[in-house]
Amino acid sequence: MKNDFVNPDLKKVGDIKGEFSVPSYQRGYRWTKEEVCFLLNDIDEFGKVRKNDENYCLQPIIVKKMNDGKYELIDGQQRLTTIFLIYVYMHKSSNGFLPNPKFSLSYETRPDSDFLKDPKEEGKTDNIDFYFIWQAYQNISNWFEEKGDKKQSVLTNINKYFDESINVIWYEIPENENPIDLFTRFNIGKIPLTNSELVKALFLTNSSTEPVLQNEISLQWDNMEKELRDSSFWYFLTNKDQTSYPTHIDFLLDMIANKPENDRENYRTFFYFKDNKDDTSIWEKWQKIRQSYLTLREWFYDHELYHKIGYLVAVGRDSLSALLKEYSECSKKSFRHSLDKKIKESLELNENQLDGLFYDTDYKKITELLLLFNVESVRNIDNQQQRFPFNRYKKESWSLEHIHAQHSIGLNTNEKRKLWLQDHIEPLKRLIKLENNSSIGSEDVKNLMDRITTLIDRVETNSKQEIGTDFDLIQKDVVRYLSPQNENSGEYIDSLSNMALLSQSKNSALSNYTFDAKRDKIIAMDKKGEYIPFCTKMVFLKYYSEGDTNLHFWGENDRTSYLENIKKTLKDFFTKEGN
């Protein structure tokens with residue numbers, strides 16, 4: 001790269017003047033708190049230990065002078081933008097005593113560059129660059145505010161350092177140098193750009209792309225990034241966290257390029273779009289990206305496709321790239337039939353096998369089955385106004401919850417035992433009022449409640465006193481009283497008919513509870529707005545139960561009705577017996 005530049009120069013930050021234009025091929029502003037505070041700390045610490053005329057050099061600023069006297073900013077946008085924001089903050093915070101920056105920045109893709117001069121919260125959502133600019137300004141403000149009583153002197157010192165000792169390495173490239181080639185070479189070799197930033201530069205700088213098309217691509221690019229940041233859309237498309245990609249359009253480009261998971265070639269996606277072996281024009285490549293995005297968007301807004309594709313993605317059954325390819329090669333009707341077939345193949349069950357599914361041996365299959373039960377139940381609501389919230393579902397880790405529990409596994413501390421006892425007092429009070437519970441006398445229940453109160457008092461008097469043996473005896477009696485009559489064998493406990501989906505965090509708190517106590521907790525969580533899967537709520541509100549049922553118990557009739565509802569809802573996805 002030694003011939004790419006005119007001889008480099010050192011320029012004091014305070015001497016940077018002129019108008020800098022950030023071209024459309026550049027990445028957006030993306031510095032986070034880490035980079036912003038690192039720059040401020042470096043400048044501040046150097047100034048404190050500086051000796052005589054010692055200077056400090058920041059990373060290069062690479063520019064090309066344009067015909068109108070402005071500079072095309074080829075590299076250094078992140079640093080120069082941050083320096084600009086530091087000047088803006090210092091000027092405002094000193095009530096105008098310290099100067100504004102002597103240079104200005106404008107963006108080919110951002111006609112309104114005034115946001116830099118006065119970043120405000122209400123404008124941060126206009127586009128993704130403004131969001132990062134606003135965040136950077138807040139980080140600058142917080143950095144200075146943390147100086148407390150020394151803030152004003154630090155403001156003065158930083159401004160002084162900019163004028164006297166902080167330099168940038170200043171490069172001006174020759175007029176005949178292609179800034180695009182330099183931008184790509186410099187950033188691939190030295191500063192890690194994302195694939196999307198390099199692909200965007202490829203599209204916006206190609207000689208065959210007319211300026212009007214460049215503007216169209218740039219606008220569409222921003223809109224796509226903005227919409228992909230909507231969590232409902234994002235978690236419909238992928239199981240990956242939103243923070244797993246620097247920009248969300250990187251996910252879309254990786255998918256189109258079929259980039260393998262854990263690929264060690266960082267720029268595989270960029271080279272896929274740069275390669276022109278099939279003689280495809282840049283515009284045609286952009287159209288492929290745009291069409292793929294529009295197809296995903298179409299699926300997202302289609303009630304049936306949203307739920308069926310969302311389920312297949314959630315269980316890792318099919319990749320979006322494979323589904324996109326299939327969608328482009330068949331009719332929409334055939335595609336919908338194919339989705340049903342894929343779901344059926346993912347289950348690999350006929351309905352008679354449901355009775356033989358158990359917690360220990362079929363955990364994964366039951367989990368996926370209940371997820372599908374939830375997804376399909378929501379999809380089939382008549383008004384189609386509700387959608388299964390994949391974004392809420394994927395933000396938590398899920399496990400199988402025993403609808404009614406009979407064990408005390410994990411209740412190994414006095415505090416946990418005390419909480420369990422307290423949460424079963426109300427269900428026992430309700431039990432006394434049940435007229436049809438003739439096999440258990442109210443005096444027996446009252447006696448049990450007295451034992452609970454006495455044990456709780458012992459724990460509160462001496463929390464270190466061992467109560468394990470006494471607790472186990474009381475716990476068994478509570479479970480016996482709060483279980484359906486003649487159903488204490490526990491044979492059904494680990495069967496599908498006694499399973500529902502619940503997040504691991506909630507499950508860990510409720511796993512040992514009887515049905516009625518667990519029902520109280522589920523209702524309380526739902527009232528607070530915590531996410532409880534649709535079918536789990538239906539179970540604990542007894543909406544599936546028919547015939548002779550008791551609101552406070554989970555009995556044989558409840559389990560039978562629950563299982564029949566699962567079979568009815570998922571009937572189209574079961575294989576025929578013998579297949």
Is there a side-chain contact between Leu354 and Phe574, using heavy atoms and a 4.5 Å cut-off? yes
State, to 0.1 Å, how close Ala136 and Val36 come at their nearest heavy-atom pair, and which atoms those are. CB-CG2, 4.0 Å
The reported gap from CD1 in Ile566 to CG in Leu369 (rounded to nearest 0.5 angstrom) is 6.0 Å
Measuring from Leu551:CG to Phe540:CZ, what's the distance to the nearest 0.5 Å? 12.0 Å
Any side-chain donor-acceptor pair under 3.5 Å between Thr575 and Asn350? no
With a 4.0 Å cut-off on N to O distance, would you call Arg336 and Asp302 a salt bridge? yes
Where do Tyr29 and Thr82 land on the side chain to side chain donor-acceptor pair (under 3.5 Å) test, with the steps shown first? CA-CA 9 Å; Tyr29 182 76; Thr82 307; 2.8 Å; yes
Do the side chains of Lys571 and Glu351 get close enough for a salt bridge, i.e. N-O under 4.0 angstrom? no
Taking Asn383's backbone N and O only, do any of them form a donor-acceptor pair with Gln385's side chain (distance below 3.5 Å, no angle check)? yes
Looking just at side-chain N and O atoms, do Ser338 and Glu326 make a donor-acceptor pair shorter than 3.5 Å? yes
Taking C-beta and beyond as the side chain, do Ile403 and Lys518 meet within less than 4.5 Å on heavy atoms? no
Does the salt bridge (charged side-chain N to carboxylate O under 4.0 Å, His left out) test come out yes or no for Lys342 and Glu345, once each step is laid out? CA-CA 5 Å; Lys342 292 176 189 296; Glu345 290 172 349; over 6 Å; no
On the ring face of Tyr131, is Arg229 found with NZ or CZ under 6.0 Å from the centre and within 45° of the axis? no
Residues Glu556 and Arg559 bridged, charged N to O under 4.0 Å: no
Test item: Lys394 side-chain N/O and Thr238 main-chain N/O as donor-acceptor pair under 3.5 Å: yes
Rounded to the nearest 0.5 Å, the CG atom of Leu320 sits from the CD1 atom of Ile309 at a distance of 7.5 Å
Between Lys567 and Asp355 (salt bridge meaning N to carboxylate O under 4.0 Å), is one present in this structure? yes
Lys226 versus Asn127: any side-chain heavy-atom pair under 4.5 Å? no
So which atom in Thr569 and which in Glu376 form the shortest heavy-atom distance, rounded to 0.1 Å? CG2-CB, 3.8 Å
Have Ser218 and Ser24 got a donor and an acceptor in their side chains that come within less than 3.5 Å? no
Taking only Lys NZ, Arg NE, NH1 and NH2, and the carboxylate oxygens of Asp or Glu, determine whether Lys288 and Glu284 approach each other closer than 4.0 Å. no
Starting at CG of Leu252, measure out to CG of Leu237 and round the result to the nearest 0.5 Å. 8.5 Å
Are His402 and Tyr359 close enough, and set up right, to give a ring pair (Phe, Tyr, Trp, His ring centres under 6.0 Å), and what steps lead you there? CA-CA 9 Å; His402 288 80; Tyr359 181 92; 5.0 Å; yes
Lys/Arg-Asp/Glu bridge criterion (N-O < 4.0 Å) met for Glu564, Lys568: no
When the ring centroid of Phe534 is compared with that of Phe388, is the distance short of 6.0 Å? no
Of all heavy-atom pairs linking Asp362 and Leu357, the shortest is OD2-CA, 3.4 Å
Is the distance between the ring centroids of Tyr363 and Trp398 less than 6.0 Å? no
May I ask you to test the Asp516-His404 pair for a side-chain heavy-atom distance under 4.5 Å? no
Evaluate the side-chain proximity of Phe251 to Trp234: yes if any heavy-atom separation is below 4.5 Å, no if none is. yes
Reported OG1-to-CG distance for the pair Thr536 and Asp526, which is rounded to 0.5 angstrom: 10.5 Å
Check: Trp299 ring centre within less than 6.0 Å of Phe236 ring centre: no
Going by distance alone, is a donor N or O of one side chain under 3.5 Å from an acceptor N or O of the other, for Asp558 and Ser561? no
Side-chain H-bond candidate by donor/acceptor type, Ser334 with Ser331, under 3.5 Å: yes
Are the side chains of Gln135 and Thr32 in touch, meaning some heavy atoms are under 4.5 Å apart? no
Heavy-atom closest contact (Ser495 atom, Tyr492 atom, distance): OG-O, 2.7 Å
Do you see a donor-acceptor pair shorter than 3.5 Å between the side chains of Trp286 and Gln220? yes
Would you check if Tyr137 and Lys124 make a side-chain contact, meaning some heavy-atom pair closer than 4.5 Å? no
Please tell me whether Phe373 and Tyr544 form a close aromatic pair, meaning their ring centres lie under 6.0 Å apart. yes
Using the benzene-type ring in the case of Trp, are the ring centres of Phe390 and Tyr306 under 6.0 Å apart? yes
Minimum side-chain heavy-atom gap Lys332-Tyr327 below 4.5 Å: yes
Only counting residues at least two apart or in another chain, list the ones meeting side chain to side chain donor-acceptor pair (under 3.5 Å) with Arg392. none
Can you establish whether the number of heavy atoms outside Lys395 located under 6.0 Å from its atom NZ is more than 12? yes
